[in-house]
Amino acid sequence: NSQQMLGYQARKSEGIYDSIYHRIVVMDDGESQFFLVSTDICLISPSEYDRVKEKVEKEFGISGDQFWWSVTHTHSAPEVGPPGLPEVFLGNRYEHQYNREYSDFVADELLAGIREARAAMKPAGIGVGWGYSRANINRRARDVEGNTRLGMNPDGPVDRRIGVLKLKDQQTGKPIAQIANYAIHGTVMSGENLLISGDAPGVVSEYVEKKTGAPLLFINGAAGNIAPIYSVYPSPGAGHLFEVKQRLGNRILEALDEVVEEDEIKFGFGSLIVETPRKNDLGWTEDLKNYTRKSGSGEDHVLLPVRFLKLNDRIGIWSAPLELFCEISNNIRDRSPFPYTFYFGYTNGWLGYMLTEKQSEYAGYQPMVSPFTPAAEKHLTEAVSSYFDGELLKK
């Protein structure tokens with residue numbers, strides 16, 4: 001059936017270019033389990049994550065810290081759940097009601113996928129590594145007058161590292177599942193495209209899967225100011241969508257071939273709430289009532305949930321429901337005591353763009369719609385960096 005598509009203006013799908021999926025990894029260290037889901041959609045509200053999390057907790061007996069739902073941020077997939085924050089600044093885009101039946105279908109399929117993954121668990125080893133790809137570019141274009149808008153900025157900050165994890169069958173050595181973490185908008189195709197597609201993340205995942213025979217979970221990074229080098233074209237062909245197989249897919253394959261094997265894995269889970277002021281001129285919705293509060297002085301604050309996963313003492317992963325500017329995650333990675341520090345963006349919901357303090361000085365789409373003040377960069381950076389420093393001291 002035709003669906004309302006999320007990303008760009010309100011529009012309905014007219015067909016399918018490539019299939020979209022839940023890709024799921026279930027890991028067990030002998031004491032606790034971790035569920036990671038990567039879904040080929042654009043965004044979900046934190047309230048939709050909370051709704052599905054309750055179902056996961058009830059059926060599988062795990063805590064929320066052990067269930068991360070990440071989305072790839074393709075702009076060519078159906079809406080899922082209530083609009084959340086975008087309704088505040090794009091109210092005229094959401095004059096329709098969201099499709100509850102389709103959202104329930106997405107949730108039911110996610111639960112079914114977790115059941116299937118748990119039933120298929122087998123003894124496995126894990127490897128970790130880095131790769132590099134020039135498939136992305138800064139998208140904060142600026143003219144000589146200092147005006148900033150969405151475009152291409154080859155001189156702007158970027159993050160071209162690929163973080164990879166590889167799970168291998170202990171008996172056969174064959175890959176069971178793979179995870180690739182890279183920052184890139186799912187916007188090879190523009191709002192003119194009316195075909196459902198996983199866009200660049202989905203095409204890359206399918207390509208790597210065909211080459212390796214194992215699922216690839218694509219986890220987007222800090223892509224708030226990062227676009228694909230071919231961006232907002234009217235069709236897959238015009239946007240050179242097939243070329244991401246070479247520019248990113250092959251780079252992921254190279255990184256997976258060079259992973260460093262880890263010894264026996266032990267999980268460490270954690271979470272914290274980063275409380276930071278909310279902009280005065282941006283409203284809020286009832287849907288997000290659990291993600292804001294008034295301070296003692298009457299100031300509105302955002303309550304930003306951040307989750308952590310530690311794998312032994314070399315791998316530190318953090319996630320947030322953010323469209324983060326890459327300078328922030330780059331800085332946190334550089335400061336981290338963990339040699340493999342990954343940021344999983346667009347995870348467990350979406351609470352908007354978080355810019356650097358410097359970038360907040362320039363006009364443009366992102367600062368206009370961000371709920372955060374320029375102070376948020378420091379609040380998030382210090383909270384996450386302090387957490388990682390503290391975790392290392394627990395050795």
Side-chain angles (χ1 to χ4, degrees), residues 43-51 53-54 63-65 81-94 140 146 148 222 224-225 269-308 318-332 335-336 343-391:
L43 299 172
I44 53 170
S45 172
S47 66
E48 182 67 8
Y49 165 74
D50 290 338
R51 183 179 81 91
K53 180 185 69 170
E54 289 182 6
S63 73
D65 288 352
L85 186 65
E87 189 175 15
V88 174
F89 54 85
L90 290 173
N92 59 348
R93 191 205 181 284
Y94 296 98
R140 292 272 283 167
T148 304
N225 55 345
F269 299 104
S271 61
L272 55 82
I273 300 294
V274 177
E275 185 168 339
T276 187
R278 178 155 62 87
K279 284 194 320 196
N280 294 326
D281 57 350
L282 194 70
W284 210 247
T285 69
E286 179 67 15
D287 174 52
L288 297 174
K289 64 183 179 181
N290 294 330
Y291 294 88
T292 189
R293 80 169 190 93
K294 284 192 179 294
S295 67
S297 61
E299 183 180 49
D300 288 319
H301 282 199
V302 180
L303 302 178
L304 175 64
V306 180
R307 286 191 169 87
F308 298 89
W318 66 287
S319 68
L322 286 175
E323 193 147 356
L324 193 65
F325 272 34
C326 68
E327 301 96 306
I328 300 175
S329 66
N330 287 351
N331 184 25
I332 289 171
R335 291 175 55 171
S336 173
Y343 167 65
F344 286 8
Y346 307 95
T347 299
N348 303 339
W350 189 82
L351 285 173
Y353 291 95
M354 184 182 287
L355 291 74
T356 63
E357 183 175 1
K358 180 179 180 181
Q359 287 295 320
S360 298
E361 299 173 1
Y362 297 96
Y365 171 68
Q366 292 105 330
M368 179 180 70
V369 302
S370 171
F372 301 103
T373 71
E377 175 189 8
K378 180 178 180 181
H379 295 159
L380 179 65
T381 300
E382 294 305 321
V384 174
S385 295
S386 295
Y387 183 92
F388 277 139
D389 289 342
E391 283 299 298

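The first residue of the sequence shown is numbered 1, and numbering continues consecutively from there.
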S.K.: Just wondering, do Ser319 and Val306 contact through their side chains at under 4.5 Å, heavy atoms?
M.R.: no

S.K.: Could you give me the CA-CA distance, side-chain angles and deciding distance for His301 and Glu275, then say whether side chain to side chain contact (heavy atoms under 4.5 Å, CB included) is met?
M.R.: CA-CA 6 Å; His301 282 199; Glu275 185 168 339; 2.8 Å; yes

S.K.: Would you name the heavy atoms of Ser45 and Asp287 that are closest together and state the gap between them?
M.R.: OG-OD2, 2.7 Å

S.K.: Salt bridge check, Arg335 against Glu382: does any charged N sit closer than 4.0 Å to a carboxylate O?
M.R.: yes

S.K.: Are side-chain heavy atoms of Met368 and Phe89 found at a separation under 4.5 Å?
M.R.: no

S.K.: Could you check whether any side-chain N or O of Ser386 sits under 3.5 Å from a backbone N or O of Val384, counting only pairs where one atom can act as donor and the other as acceptor?
M.R.: no

S.K.: Asn280 and Asp300: side chain to side chain contact (heavy atoms under 4.5 Å, CB included), yes or no, with the steps?
M.R.: CA-CA 8 Å; Asn280 294 326; Asp300 288 319; 5.5 Å; no

S.K.: Heavy-atom distance under 4.5 Å between the side chains of Leu303 and Asn290, does that happen here?
M.R.: no

S.K.: Kindly compute the distance separating OG (Ser271) from CG (Asn348), expressed to the nearest 0.5 Å.
M.R.: 10.5 Å

S.K.: So, do Pro371 and Trp284 sit near enough that their side-chain heavy atoms are less than 4.5 Å apart?
M.R.: yes

S.K.: Could you give the distance from CZ (Arg293) to OG (Ser295), rounded to the nearest 0.5 Å?
M.R.: 6.0 Å

S.K.: Taking salt bridge (charged side-chain N to carboxylate O under 4.0 Å, His left out) as the definition, give me every residue that meets it alongside Glu299, ordered by chain and number, with sequence neighbours left out.
M.R.: none

S.K.: Could you go through Asn330 and Phe325, starting from their C-alpha distance and side-chain angles, then the distance that decides it, and tell me whether this counts as side chain to side chain contact (heavy atoms under 4.5 Å, CB included)?
M.R.: CA-CA 9 Å; Asn330 287 351; Phe325 272 34; over 6 Å; no

S.K.: Working to the nearest 0.5 Å, report the span between CD of Glu357 and CD1 of Ile328.
M.R.: 10.5 Å

S.K.: Is there side-chain contact between Leu380 and Leu322, with heavy atoms separated by less than 4.5 Å?
M.R.: yes

S.K.: Give me the atom names and distance for the closest heavy-atom approach of Ala320 to Tyr343.
M.R.: O-OH, 3.6 Å

S.K.: Answer yes or no: is there a side-chain heavy-atom contact under 4.5 Å between Pro82 and Glu48?
M.R.: yes

S.K.: If I compare all heavy atoms of Gly224 with all of Glu323, which pair ends up nearest, and what's the gap?
M.R.: CA-CG, 3.5 Å

S.K.: Determine whether Leu355 and Tyr353 make a side-chain contact, defined as any pair of heavy atoms from C-beta on separated by less than 4.5 Å.
M.R.: yes

S.K.: Any idea which heavy atoms bring Leu304 and Leu351 closest together, and the distance?
M.R.: CD1-CD1, 4.0 Å

S.K.: Can you list the steps and then say if Leu85 with Trp350 is a side chain to side chain contact (heavy atoms under 4.5 Å, CB included)?
M.R.: CA-CA 8 Å; Leu85 186 65; Trp350 189 82; 4.1 Å; yes

S.K.: With rounding to the nearest 0.5 angstrom, report the OG to CD distance, Ser360 to Gln366.
M.R.: 10.5 Å

S.K.: Can you tell me how far OG1 of Thr292 sits from NZ of Lys289, rounded to the nearest 0.5 angstrom?
M.R.: 13.0 Å

S.K.: Would you name the heavy atoms of Tyr387 and Gly270 that are closest together and state the gap between them?
M.R.: OH-CA, 3.2 Å

S.K.: On a heavy-atom basis, which atom in Pro46 and which in Leu288 lie closest, and how many Å separate them?
M.R.: CD-CD2, 3.7 Å

S.K.: Can you confirm if the aromatic rings of Phe308 and Phe388 lie within a centre distance of less than 6.0 Å?
M.R.: yes

S.K.: Look up atom OG in Ser47 and atom CD in Glu286, then write down how far apart they are to the nearest 0.5 Å.
M.R.: 10.5 Å

S.K.: Below 4.5 Å, heavy atoms only, C-beta onward: do Arg278 and Phe372 meet side chain to side chain?
M.R.: no

S.K.: Determine, stepwise, if the pair Asp50 / Tyr291 fulfils side chain to side chain donor-acceptor pair (under 3.5 Å).
M.R.: CA-CA 11 Å; Asp50 290 338; Tyr291 294 88; 2.7 Å; yes

